[in-house]
Peer 1: 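Structure in structure tokens, see below.
A quick note: this is a predicted structure, and the numbers were derived from the prediction, not measured.
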Amino acid sequence: MKKRYTTNDLTRIALVAACYIVLTLIISPLSFGLGIRISEGLNFLALYNKRYILGVTLGVFIVNYFSYGIWDMIIGSLTSFIFLHLACSIIEKLFPLIDSKKDEINKSLFFKYLIIGLSMTISMVNIALLVVFLGAPWETFITRLVSMMVSEGLSLLAGGIIIYFISERIDLRR
């Protein structure tokens with residue numbers, strides 16, 4: 001059965017996409033220069049509700065226009081979409097039906113954040129391959145990959161901390 005999104009769902013998806021775009025562009029020297037996007041922390045919203053995967057994917061699609069153009073828009077957003085779904089599937093298999101008790105959720109929340117973080121960091125292989133495909137020398141692939149993975153890891157660490165503290169104040173599951 002196909003899932004239908006309500007107006008409320010679509011609004012929240014659009015808000016996440018807009019936040020991703022604004023957070024990336026507002027600190028563009030970090031985002032595009034060093035590759036550290038605080039907006040990557042929004043990936044952790046998928047833990048609270050899968051609809052946010054669409055918001056992050058849309059945000060990535062739009063903002064990647066400013067990096068490598070159409071190729072990055074397509075490959076980058078597909079990579080985000082696939083790896084976020086993959087991470088959520090892994091989480092669902094490892095942490096089945098946790099009670100809604102706050103202490104039970106908090107015990108496993110660190111590991112859920114870790115799974116999303118590792119998944120998105122590993123996804124940088126696709127982006128490093130894209131950069132080489134677009135003309136960078138193959139000899140620089142490993143260096144680029146490591147650099148991208150470190151940048152992604154730092155982005156996720158900073159963004160994840162922010163999302164965690166927001167989730168303590170706001171119910172992101174709604």
Peer 1: Does a sphere of radius 6.0 Å around CG in Leu134 hold more than 12 heavy atoms from other residues, nucleotides or ligands, not counting ones at 6.0 Å or beyond?
Peer 2: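 Count over threshold, so yes.
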
Peer 1: Under a 4.5 Å cut-off applied to non-hydrogen side-chain atoms, are Ile36 and Glu152 in contact?
Peer 2: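 Ile36 vs Glu152: side chains apart.
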
Peer 1: With a cut-off of 6.0 Å (strictly less than), are more than 12 heavy atoms of other residues, nucleotides or ligands near OH of Tyr5?
Peer 2: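 Yes - once you tally the heavy atoms of other residues, nucleotides and ligands closer than 6.0 Å, there are more than 12.
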
Peer 1: Would Tyr20 and Leu15 show up in the same hydrophobic cluster when neighbours are defined by side-chain heavy atoms closer than 4.5 Å?
Peer 2: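 No, it is not one cluster - the side chains of Tyr20 and Leu15 are not joined through contacts under 4.5 Å.
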
Peer 1: Nearest 0.5 Å please: distance from the OG atom of Ser119 over to the CZ atom of Phe83.
Peer 2: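 The CZ atom of Phe83 is 6.0 Å from OG of Ser119, to the nearest 0.5 Å.
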
Peer 1: Between CG of Leu157 and OH of Tyr113, what distance do you get to the nearest 0.5 Å?
Peer 2: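 Between atom CG of Leu157 and atom OH of Tyr113 there are 11.5 Å.
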
Peer 1: I would like to know whether Phe133 and Ile75 meet side chain to side chain contact (heavy atoms under 4.5 Å, CB included); could you show each step before the answer?
Peer 2: CA-CA 12 Å; Phe133 171 76; Ile75 302 300; over 6 Å; no

Peer 1: Go through Ile38 and Ile162 one step at a time and tell me if the side chain to side chain contact (heavy atoms under 4.5 Å, CB included) criterion holds.
Peer 2: CA-CA 9 Å; Ile38 302 302; Ile162 294 167; 4.0 Å; yes

Peer 1: To the nearest 0.5 Å, what is the distance between SG (Cys88) and NZ (Lys112)?
Peer 2: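 Those atoms lie 10.0 Å apart.
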
Peer 1: Evaluate the side-chain proximity of Tyr52 to Ile13: yes if any heavy-atom separation is below 4.5 Å, no if none is.
Peer 2: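 No, side chains not in contact.
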
Peer 1: Show, in sequence, the C-alpha distance, side-chain angles and deciding distance for Ser80 and Met120, and conclude whether the side chain to side chain contact (heavy atoms under 4.5 Å, CB included) test is met.
Peer 2: CA-CA 7 Å; Ser80 292; Met120 297 314 292; 4.1 Å; yes

Peer 1: Check whether any side-chain heavy atom of Asp171 lies under 4.5 Å from a side-chain heavy atom of Tyr48, and answer yes or no.
Peer 2: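 Asp171 vs Tyr48: side chains apart.
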
Peer 1: Under the criterion side chain to side chain contact (heavy atoms under 4.5 Å, CB included), which of Ile166, Ile161, Ile116 is the partner of Phe44?
Peer 2: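 Only one of Ile166, Ile161, Ile116 forms a side chain to side chain contact (heavy atoms under 4.5 Å, CB included) with Phe44, namely Ile116.
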
Peer 1: Decide whether Val60 and Val22 are clustered together by the hydrophobic rule: side chain heavy atoms of Ile, Leu, Val, Met, Phe, Trp, Tyr closer than 4.5 Å, transitively.
Peer 2: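 Cluster IDs for Val60 and Val22 differ.
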
Peer 1: Side-chain contact, heavy-atom cut-off 4.5 Å: Arg12 with Leu45?
Peer 2: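 They are not in side-chain contact.
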
Peer 1: Shortest non-hydrogen contact from Leu23 to Ser39?
Peer 2: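 In terms of heavy atoms, the two residues are closest at CB-CB, 3.7 Å.
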
Peer 1: Does the side chain of Ile163 come within less than 4.5 Å of Leu42's, by heavy atoms?
Peer 2: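 Leu42 vs Ile163: side chains touch.
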
Peer 1: At their closest point, which heavy atom of Ala136 faces which heavy atom of Thr140, and how far apart are they?
Peer 2: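 Result for this residue pair: CB-OG1, 4.3 Å.
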
Peer 1: Run the side chain to side chain contact (heavy atoms under 4.5 Å, CB included) test on Leu25 and Phe66 for me, step by step, so that the C-alpha distance in whole Å, both residues' side-chain angles and the decisive distance to 0.1 Å come before the verdict.
Peer 2: CA-CA 9 Å; Leu25 294 179; Phe66 299 103; 4.0 Å; yes

Peer 1: Calculate, to the nearest 0.5 Å, the distance between atoms CG and CG belonging to Leu84 and Leu47 respectively.
Peer 2: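 Here the interatomic distance stands at 9.0 Å.
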
Peer 1: Nearest 0.5 angstrom please: Asp72 CG to Phe61 CZ, how far?
Peer 2: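 CZ of Phe61 is found 10.5 Å from CG of Asp72.
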
Peer 1: Which residue pairs pass the salt bridge (charged side-chain N to carboxylate O under 4.0 Å, His left out) test with at least one member in residues 25-50, sequence neighbours excluded?
Peer 2: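 Passing the test, one end in residues 25-50: Lys50-Glu92.
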
Peer 1: Under the side-chain contact (heavy atoms from CB on, under 4.5 Å) rule, collect the residues that match up with Thr57, sequence neighbours excluded.
Peer 2: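 Scan of Thr57 (side-chain contact (heavy atoms from CB on, under 4.5 Å), adjacent residues dropped) gives Ile53, Ser77, Phe81.
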
Peer 1: Please list all pairs passing the side chain to side chain donor-acceptor pair (under 3.5 Å) test where one or both residues lie in residues 123-138, with sequence neighbours left out.
Peer 2: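 Matches after skipping sequence neighbours: Thr79-Asn126.
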
Peer 1: How many angstroms lie between atom CD1 of Ile90 and atom CZ of Phe111, to the nearest 0.5 angstrom?
Peer 2: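 Going from the CD1 atom of Ile90 to the CZ atom of Phe111 covers 15.0 Å.
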
Peer 1: Quick one, Thr6 with Asp9, criterion side chain to side chain donor-acceptor pair (under 3.5 Å). Give me CA distance, side-chain angles, the key distance, then yes/no.
Peer 2: CA-CA 5 Å; Thr6 65; Asp9 291 330; 3.3 Å; yes

Peer 1: Considering non-hydrogen atoms only, spot the tightest contact between Leu172 and Ser167 and give its length.
Peer 2: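 Residues Leu172 and Ser167, closest heavy atoms: CD1-CB, 3.6 Å.
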
